[in-house]
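To keep things clear, I will list the structure first and then write my remarks on it.
Each chain gets a letter, A, B and so on, in the order its sequence line appears, and its residues count up from 1.
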Amino acid sequence: MGRTLPLVLFAFGAGTFPYCVQRVFFSTPMERQMGTVQKIFYFHVPLAWIMMLMGVVCGIAAAIQLRRQSSRAEATAIAAAEIVLVAGLGVLITGPIWGHATWGKAWTWDARQVSTGLLWLIFAAYVLVRHYGAAGSERLAAALAIFGAIDVPIIYYAVKIWKTTHPDNNVVGTLPPEMWATLWPCLAALLAMSLGLMLTRIRQEVAEISLDEGWVRIDDVVRSMTAKDDGKDADKDDGKDADKDASKDEE
Amino acid sequence: MNDATILLAAPTPGAGANEAAPAAGAGDYEKVEGRDRETIECQRACEAVAADKTASDYSHIVWAYGVIWALFCAYGIFLWRRSQRLADDISALNRKLERVR
């Protein structure tokens, strides 16, 4: 199951992707105001949803790891954070490309853009601390992940609280049925790919933690064996010295 | 639209430059429904703007979709290389275990 599920998800994502492209470019009507460039929406929005979902997953897993010291929760938090980085980078690149085409400016320092950028930076910091942090830095990393998860509702409500150039959250709810029918397969394909990658990364991290433990144990065994051998040698040497002393005394 | 009716003179064989043009409605003229030059130029300019926008939109879409799938592929390759490294590490650990035994 552990190995099969990611493969099933990858196969589903790879199979759905051509259907998504066919729907986006050939079956979905053109948006009247924005024209062709609106088609970025079908991948930009699902990526943003995935980024926020993984941010919350990472925050919860980091909190569990902080409380229970669970290696599985640790692996889940690291994998989810890396998916946040991948999906977040996708959102932060496709958003400005779309903004450049429709607003005439790629980055407007709008509240949603800034809070999304902040989320990405928090999870980048989390991944860096996990990678290069000294022993005991897991607590700092977990705090970062929880802080990042708190940023998710801020991203969602940013367009309601502040005046922004970014469209508000009602856009998705008011889509015509043909656009909905295209958005769902795109979300399914990207979510399947992200989950597949995340499960693979979790397996790798769990294996890496077990491997580290294995190396530590084997080093302990080797060290204790060497110490035993040294002890035996020392005993032999002591015995030889005692014999020598005894023979000297006899003389 | 500023449609206008223009009457175009059909060339008549043997008609000289100095000869007076035949009277309209005498059968030598053909009525053509068309547009004046200004309207046609304006329409072409609008079409050019629309074509430029479509081309620019397509280039934006290609970039956006390319970036998304490149990112996923790059992460997939990163994971694949990592799994190779892990497999090497596992076999090194197994070798050491055999030596210890």
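Counted within 6.0 Å of CZ on R82(B), heavy atoms from surrounding residues, nucleotides or ligands total more than 12; the atom is thus considered enclosed. In W80(B), the CH2 atom is not crowded: 12 or fewer heavy atoms of neighbouring residues, nucleotides or ligands sit closer than 6.0 Å. Other residues, nucleotides and ligands place no more than 12 heavy atoms under 6.0 Å from the CH2 atom of W184(A).
Taking M225(A), M193(A), E82(A) one by one and counting their heavy-atom pairs under 4.5 Å with chain B, the maximum is reached by E82(A). No other option in T200(A), V222(A), L89(A) has as many heavy-atom pairs under 4.5 Å with chain B as L89(A).
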Item to check | Stepwise side-chain contact (heavy atoms from CB on, under 4.5 Å) check, L190(A) with F72(B) | outcome: CA-CA 9 Å; L190(A) 281 174; F72(B) 274 87; 3.9 Å; yes
Next on the checklist: W215(A) vs D89(B), test: side-chain contact (heavy atoms from CB on, under 4.5 Å). Steps then yes/no.
Outcome noted: CA-CA 10 Å; W215(A) 279 112; D89(B) 211 11; 3.3 Å; yes
Item to check | Worked check of side-chain contact (heavy atoms from CB on, under 4.5 Å) between R85(B) and Q204(A) | outcome: CA-CA 10 Å; R85(B) 216 186 59 218; Q204(A) 285 184 355; over 6 Å; no
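Going from atom CD1 of I93(A) over to atom CD1 of I68(B) covers 9.5 Å, rounded to the nearest 0.5 Å. Once rounded to the nearest 0.5 Å, the distance linking CG of L79(B) with CG of L197(A) reads 6.0 Å.
Across A101(A) and D57(B), no two heavy atoms sit closer than the pair CB-OD1, 4.4 Å. Taking both residues in full, the closest heavy atoms of K96(B) and D219(A) are given as NZ-OD1, 3.3 Å, listed atom of the first, atom of the second, then distance. Nearest heavy-atom pair across A79(A) and Y75(B) is O-OH, 4.4 Å.
Proximity to chain B is limited to the side chain of F17(A), based on heavy atoms less than 4.5 angstrom apart. Both the backbone and the side chain of L86(B) come within less than 4.5 Å of a heavy atom of chain A. Heavy-atom distances place no part of T102(A) under 4.5 Å from chain B, backbone and side chain included. R99(B) does not touch chain A: none of its heavy atoms, backbone or side chain, sits under 4.5 Å away.
Heavy-atom neighbours of chain B within the stretch residues 31-49 of chain A, taken at a separation under 4.5 angstrom, comprise M34(A), G35(A), T36(A), V37(A), K39(A), I40(A), Y42(A), F43(A), L47(A). Heavy-atom neighbours of chain A within the stretch residues 46-56 of chain B, taken at a separation under 4.5 angstrom, comprise K53(B), T54(B).
Counting only heavy atoms from C-beta outward, the side chains of Y65(B) and V24(A) approach each other to under 4.5 Å. In this structure, W63(B) and H100(A) have side chains that are not in contact, with every pair of non-hydrogen atoms separated by 4.5 Å or more.
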